[in-house]
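Written out below as structure tokens is the structure these notes cover.
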Amino acid sequence: MSIVRVALPVPIPQLFDYSCDSATHEDIGRCVRVNFGRRQETGVIVDLPTESDIDPARLKPVEHLLREVPPLPGDWLALTAFVARYYHVPQGEVIALALPPDLRRADEVDDRDTDPLLALTPAGRQAHDEGGRPSKARHLLAQLQAAGPTRKSVLRTWPEGTACADLLRRRWIYAVRPQNPARTAGALPTLTDEQGQVIDTVAAHAGGFAAYLLQGVTGAGKTEVYLRLIERALAAGRQVLVLVPEIALTPQLEQRVVGRFPDADIVALHSGVADGARSRGFVRAMKGEADIVLGTRLAIFTPLPRLGLIVVDEEHDPSYKQQEGVRYSARDLAVWRARQREVPLVLGSATPSLESWRHAEQGRYTRLRLTQRAIATHLPTVRLIDTRRIKLEDGLSPALIKALGERLERREQSLLFLNRRGYAPVLSCPACDWISACPHCSANCVVHLKDRRLRCHHCGHDTSIPHACPECGNQDLKPLGRGTQKLEEGLVARFPEARILRVDRDAARSRKHWLELLARIHAGEADILVGTQMMAKGHDFPRLTLVGVIGADGALYAADFRAPERLFQQMMQVGGRAGRAALAGEVLIQTEFPDHPLFQCLQRQDTDAFARMALAEREEANFPPFTFQAMLSADAPVLDDALDFLTRASDCIRSDAPGGIFLYDPVPMRMTRLARRERAQLLVESASRAALQGFLSEWMRRLYRLGTARDVRWRMDVDPLDV
DNA sequence: AGCACGCCGACT
DNA sequence: GTCGGCGTGCTC
């Protein structure tokens, strides 16, 4: 009779022991079905302890041990254990998040992908021809050579069929992908000297852990560097993990990877991938069959037995941080995982996060630079338009209007960037004080004139636009401010001959809509694009030569200390859209603060100067990355209950907090009300990550014991992005 | 989180 | 007299 220690998907910071006659160490990492309280749950065996702290008589037996699926590997369990420790969440919740739902239920995994057609690789043919000491593996190899490509299920019935996994592991055989086009042996782009040096540097230490911060402006050829490094890893028989930001709407990198490695087994993991395919990809990766896993933050949890390289593209992107549930940072976990598996890690960005920048400064990461634009001729020129003394027409300055007119004449594309969708951010009554406040949030409902709706962009509240003021009956309600729809409307009136295309979350409702829009833009069916931040990323538009930025100043007023960093990153990114190919690009930024250092750095496109300045400010103010933070937040139907909880949470440890730990006072969150709940937060800070972690462990122990009023919910966020 | 138990208020 | 409110406590 053995004891199994099980992680269950419940918000209790413990593991649970069960008895199980048949379990052995081979079963660590396997799913089990167990009775838990009144109900049944699926968990994962994380250990096989010799004895339990629980009275043996109280141990319930495991209901079912699922042996149909291979066990999760030890390093994967270690990763989930680390996430549980670092982010202070129960390991069972981490596992529930990391494991595809189908797998946790251990349904029969679809055979379409698990029964691949197997064939010899060149290495396999070589091994076969060379002969060597007879073994099961070589015997099976000879059979397969004679029989030609064979389904795995068939091969398994052969005398030495069990050696199949061994052959796959040695990369003597591979899964033939039916839809593979013939390998395009087209000429690879010529590398610049810089690219060559970067690749050599990383490749020189391919055998162990090393973190690289690859800094290169848009068009400097970061992707080509990734591809060459991937190529080398694959040639060495290793798997590669590539993380991309949550704009999985852009299939761009995926296409380039697929195009470059047509023979590789590539697993894509993003929000557009259905559960079934996700499970199959997970299993293929775990079995060592997949060569490349390309996905958004969740992909960091893919088990990869032959892992040889991790790439994090656009490492500064905030979408690597999960903002609910288990609040992990996939970028930070990538560093941990690379160290754990002793493989190199490449963090790429044109505008690195200040956290990574600091790590590079401290020598924890090796900085690599790509300064030359590999593709286009020049960087775009950036012009700041001082809007303080000029009259704007439809939100546009004369200079921007003139620039747009010139592009129309030259039949080039323009992009107007306005990070505010809808027609106007608020509807107001000039006669009284009424505004279109959301009934559930401390935010205003946005006017969507197209479908005559008022919508809250935070909670989704949706009503029709009233015909008269609900307060005073005035029929003349005025939309205030300007969103993408209104900007579009003004442009249509001003440039009636131009083809104007709005690209925001309303226009690109689904992946399908978005791909259609992209296709139209590429086909040259638009002269002026009006877009939100979804236009900032990915995609190069060859005829795009003008980017106009409207309403950038908001970030300068923002209370969030990271707002300027984000603005700079976004501006650099959106500016990078302009003038690729042979056409020179121009970026016009309308601002009331043309002298602001941020805009000055932007004009010179001097990322280093901006980073130095921003870091100096952060150090002065004692903000991250010079200090480490955690945020305890609570919400309840009534603000006072949330504040009350946080006060008690603070009181339960305040007197025991070691020196160097700063506990702030509980305060209402910036957006206090969200979806009928009122929210408050309590910040903890320390100059030492270890000290903060030690404090958090003790605090969490006490918090779980602290009684919670029934309608209060709380959570801990380690390394929060929004403070 | 669920789901029990348990102890006080207004209802057939 | 019961149905049911939600405070408290436990789940191997």
Side-chain angles (χ1 to χ4, degrees), chain A residues 1-25 27-66 71-72 77 80-81 83-85 87-99 101 104-105 322-328 632-638 640-649 651-652 674-679 699-717:
Chain A
M1 174 69 77
S2 346
I3 300 167
V4 289
R5 189 151 289 168
V6 179
L8 291 169
V10 289
I12 304 164
Q14 290 149 39
L15 298 168
F16 295 87
D17 294 348
Y18 287 83
S19 64
C20 183
D21 328 306
S22 64
T24 70
H25 277 88
D27 294 312
I28 293 179
R30 284 212 155 92
C31 291
V32 284
R33 199 81 201 145
V34 294
N35 289 321
F36 182 72
R38 293 284 137 139
R39 63 219 141 100
Q40 223 174 50
E41 290 284 0
T42 303
V44 173
I45 301 177
V46 297
D47 198 8
L48 213 71
T50 46
E51 59 182 320
S52 175
D53 294 338
I54 303 293
D55 174 7
R58 280 181 59 214
L59 294 185
K60 293 183 182 172
V62 163
E63 291 301 308
H64 182 51
L65 174 51
L66 302 153
L72 280 320
L77 291 173
T80 60
V83 173
R85 235 178 17 252
Y87 292 103
H88 299 275
V89 286
Q91 190 179 2
E93 291 204 300
V94 181
I95 287 175
L97 161 95
L99 212 53
R104 216 155 53 76
R105 287 200 302 273
Q322 174 123 48
Q323 295 288 13
E324 56 191 18
V326 182
R327 299 179 169 227
Y328 65 98
L632 179 67
S633 55
D635 63 80
V638 186
D640 276 347
D641 290 343
L643 282 169
D644 235 43
F645 168 80
L646 294 179
T647 305
R648 290 192 304 119
D651 289 346
C652 83
L674 178 70
R676 293 171 191 266
R677 294 186 70 86
E678 303 195 318
R679 315 173 312 152
W699 198 20
M700 290 298 288
R701 253 194 298 283
R702 297 188 190 191
L703 287 177
Y704 275 113
R705 280 187 201 129
L706 200 67
T708 320
R710 59 194 302 92
D711 42 14
V712 174
R713 287 200 294 256
W714 62 271
R715 71 220 55 91
M716 184 66 77
D717 188 349

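None of these values were measured; they are calculated from a predicted model. Here is the naming used below: chain letters follow the sequence lines, and residue numbers restart at 1 for every chain.
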Rounding to a whole Å, what distance do you find between A:Gln14:CD and C:dC10:P?
11 Å

With respect to the side chain of A:Leu59, which nucleotide from B:dA1, B:dC3, C:dC12 is positioned closest?
C:dC12

Roughly how far, to the nearest 0.5 Å, is CG of A:Asp641 from CG of A:Asp635?
11.0 Å

A:Gln40 has an atom CD; how far is it from atom C1' of C:dC12, in whole Å?
15 Å

What is the separation between atom CD1 on A:Ile54 and atom C1' on C:dC10, rounded to the nearest whole Å?
11 Å

Atom pair distance, as rounded to whole Å: CZ in A:Arg58 and C1' in C:dC12:
7 Å

Roughly how many Å is it from CD in A:Glu63 to C1' in C:dT11, rounded to a whole number?
15 Å

Taking CZ from A:Arg38 and C1' from C:dG9, how many angstroms apart are they, rounded to a whole number?
14 Å

Interatomic distance where CE belongs to A:Met1 and P belongs to C:dC12 [whole Å]:
16 Å

Categorize A:Arg5 for me: base, sugar-phosphate, or nothing, with a 4.0 angstrom heavy-atom threshold over every strand shown.
nothing

A:Tyr704 side chain vs A:Trp699 backbone, donor-acceptor pair below 3.5 Å
no

Have a look at A:Phe36 and say if it touches a base, only the backbone sugar-phosphate, or nothing, with a 4.0 Å heavy-atom cut-off.
base

Using a cut-off of 4.0 Å on non-hydrogen atoms, how would the nucleic acid contact of A:Leu8 be classed: base, sugar-phosphate, or nothing?
nothing

Which word best sums up how the rings of A:Phe16 and A:Phe36 line up, parallel for under 30°, tilted for 30 to 60°, or perpendicular for over 60°?
perpendicular

Which part of the nucleic acid does A:Asn35 contact within heavy-atom distance under 4.0 Å: base, sugar-phosphate only, or nothing?
sugar-phosphate

For A:Arg30 and A:Asp27, what are the C-alpha separation, side-chain angles and deciding distance, and is it a salt bridge (Lys or Arg N to Asp or Glu O under 4.0 Å)?
CA-CA 5 Å; A:Arg30 284 212 155 92; A:Asp27 294 312; 2.9 Å; yes

Figure out the CG/P separation between A:Leu48 and C:dC12, and round it to whole Å.
19 Å

